[in-house]
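Read through the structure below, which is laid out as structure tokens, and then see the notes.
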Protein chains: 2
Amino acid sequence: MARPALSREEVLDTAAALVRAHGPDGLTMRGLAAALGTAVTSIYWHVGNRESLLDALAERTVTDLGAIRPHGEDPAERIASVAHALRRALRERPHLVAMVHERGLTERMFLPAHRALVREAHAAGLRGERAAELVRAVAFQVVGYVLVERNRERAPVQSPADQELWDAETADADPPLARALAAPVEADRLFAASVRALVTGLLAGATAPAAGDIGDKPDTGDGSVGRGPYSQ
Amino acid sequence: MARPALSREEVLDTAAALVRAHGPDGLTMRGLAAALGTAVTSIYWHVGNRESLLDALAERTVTDLGAIRPHGEDPAERIASVAHALRRALRERPHLVAMVHERGLTERMFLPAHRALVREAHAAGLRGERAAELVRAVAFQVVGYVLVERNRERAPVQSPADQELWDAETADADPPLARALAAPVEADRLFAASVRALVTGLLAGATAPAAGDIGDKPDTGDGSVGRGPYSQ
DNA sequence: ACCTGAACACCGTTCAAGT
DNA sequence: ACCTGAACACCGTTCAAGT
């Protein structure tokens with residue numbers, strides 16, 4: 001056999017490629033063995049069984065997900081930028097993210113983003129429970145949106161054309177509305193609008209910290225201005 | 001032989017019960033046959049195959065979902081009440097709803113709720129595209145939240161205790177925040193707060209009804225107006 | 001018209017046996 | 001230490017044969 005020795009890493013790499021391409025259901029032990037050019041049973045020696053193989057892939061995804069860097073002029077903008085970066089990262093590996101989620105590792109995967117949101121919530125003048133609420137509401141919003149979006153893409157043909165549903169209903173009362181609802185969802189625009197609305201609502205009534213406080217907010221105190229604590 | 005004649009309805013009823021109890025994966029043709037007391041192959045005569053059986057269950061769920069009736073003093077409250085009713089309905093049959101979603105029937109399932117939201121958006125003074133945006137943002141918010149919630153419940157044990165993650169991070173800067181983030185998510189409260197914030201944001205700047213076309217843009221109607229404001 | 005068992009091609013997994 | 005084929009218990013599905 002010309003095959004070089006099989007390694008756990010190689011098994012994981014090939015398995016990850018299969019999952020990215022065809023989803024978890026597209027990963028069969030026999031198919032993976034064929035892709036690797038080995039016997040099915042060799043895989044078991046390296047990764048145990050299918051379930052722990054998927055566990056390993058999820059674990060990998062958690063560490064693969066890099067840090068999130070907010071940018072923008074004010075806290076609201078910077079919070080929105082975190083939401084957008086998060087959405088993009090999630091959408092790049094939908095199947096793997098779903099696996100992370102099913103295994104209860106979402107919290108850990110989101111830690112960098114959570115921390116960034118905490119900083120921005122503080123900068124916006126929210127503290128304590130209200131800051132926690134913002135962090136979680138934004139995180140839920142992003143994950144939820146991506147989940148809905150993914151499902152929509154998987155099943156893009158809505159059985160009755162939306163037109164049909166809305167024309168009779170509201171055409172007379174509000175034609176632009178009927179037209180808007182008959183058009184396909186513009187996912188990017190809707191996401192931006194939803195995030196903006198949510199953040200606006202969450203920050204409503206928040207009193208920004210005084211100018212003196214905001215300039216040097218109580219960071220880690222290590223004096224490394226410009227570099228976030230997530231740089232590693 | 002004591003078995004009365006099998007009917008399509010009976011097959012669907014028993015299959016739905018199995019899906020509600022054990023999820024779609026818990027529905028095997030052999031298991032269903034055992035529950036019905038017939039041969040596996042009899043099921044095929046009545047419903048074709050497993051896939052079309054699941055299709056039928058999804059279709060059923062769509063029609064089962066009753067109309068949504070808003071209640072509350074003002075539009076914001078009534079919109080929130082629709083969101084809450086929707087969430088409850090979805091949570092009562094998570095597996096079936098997921099199946100509806102996978103089959104692209106969500107739009108149809110949501111039609112009653114959509115219509116209710118349109119009415120409230122109008123009452124709040126939103127028209128045209130902005131009203132459509134509200135309808136969709138709220139719908140996405142609810143579905144997304146329920147999806148996240150369901151996944152969280154399925155995998156309740158987050159691997160590192162949240163305490164561990166947050167104590168060191170923010171305990172000094174904002175102890176109440178650290179405490180809040182270390183506590184388990186209060187799903188009802190968070191949902192209520194998120195919906196409230198989203199609706200507040202969406203209605204911000206809306207003028208009372210009687211005003212004419214407000215947000216109407218000089219658009220040719222090609223549907224691809226402007227790229228999102230958040231193109232990073 | 002309705003039901004049946006046998007058979008087929010797929011799974012994931014185990015295990016004794018190889019090197 | 002690493003790999004293998006054979007075998008087992010599951011799948012969904014088809015089909016000729018029953019009544």
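Every chain is numbered from 1 and lettered A, B, ... according to where its sequence line falls, protein lines coming before strand lines.
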- [ ] State which of C:dG12, C:dT4, D:dC3 makes the closest approach to the side chain of A:Ala5.
- [x] D:dC3
Open item on the list: By nearest atom, which of the nucleotides D:dC2, D:dC3, C:dC3 is closest to the A:Trp45 side chain?
Closed with: D:dC2
Open item on the list: If the threshold is 4.0 Å, N to carboxylate O, is there a salt bridge linking B:Asp55 and B:Arg50?
Closed with: no
Open item on the list: Out of the candidates A:Arg150, A:Met109, A:Glu149, A:His101, only one should pair with A:Leu90 under the side chain to side chain contact (heavy atoms under 4.5 Å, CB included) rule; please name it.
Closed with: A:Met109
Task: B:Arg87/B:Asp188 salt bridge by N-O under 4.0 Å criterion - done: yes
Open item on the list: With a cut-off of less than 4.0 Å, is there a side-chain N or O of A:Ser42 near OP1 or OP2 of D:dT4?
Closed with: yes
Open item on the list: Strictly below 4.0 Å, N to O, side chains only: are A:Arg115 and A:Glu120 in salt-bridge contact?
Closed with: no
Task: Watson-Crick or G-U stems involving DNA chain D, each at least 3 pairs long, distances under 3.5 Å, ordered by first number - done: C:4-8 with D:12-16, C:12-16 with D:4-8
TODO: Heavy atoms under 4.0 Å is the rule here; annotate nucleotides 13-18 of chain C 5' to 3' with B where the base is hit, S where only the sugar-phosphate is, and - elsewhere.
DONE: BBB---
Open item on the list: Quick check for you: among D:dG12, C:dT4, C:dC3, whose closest atom lies nearest to any side-chain atom of B:Ala39?
Closed with: C:dT4
TODO: Report the distance from atom CG of A:Leu27 to atom P of C:dC11, rounded to the nearest whole Å.
DONE: 11 Å
TODO: Using whole Å, report how far CG of A:Asp25 lies from C1' of C:dC11.
DONE: 12 Å
Task: Pair B:Asn49-B:Ser52, side-chain donor/acceptor within less than 3.5 Å - done: yes
Open item on the list: For B:Arg103, is there an ion pair with B:Glu59 - N to carboxylate O distance below 4.0 angstrom?
Closed with: no
Task: Salt-bridge contact A:Glu129-B:Arg179 (side-chain N to carboxylate O under 4.0 Å) - done: no
Task: Whole-Å gap separating P (C:dA1) and CD1 (B:Ile43) - done: 21 Å
For residues 20-39 of chain B, tabulate all N or O donor-acceptor pairs below 3.5 Å that involve a side-chain atom, not counting sequence neighbours.
from, atom 1, to, atom 2, distance (Å)
B:Thr28, OG1, B:Gly31, N, 2.9

Open item on the list: Between A:Glu186 and B:Arg136, does any NZ, NE, NH1 or NH2 come within less than 4.0 Å of an OD or OE carboxylate oxygen?
Closed with: no
Task: Euclidean distance, atom NE2 of residue B:His46 to atom P of C:dA1 [Å, nearest integer] - done: 13 Å
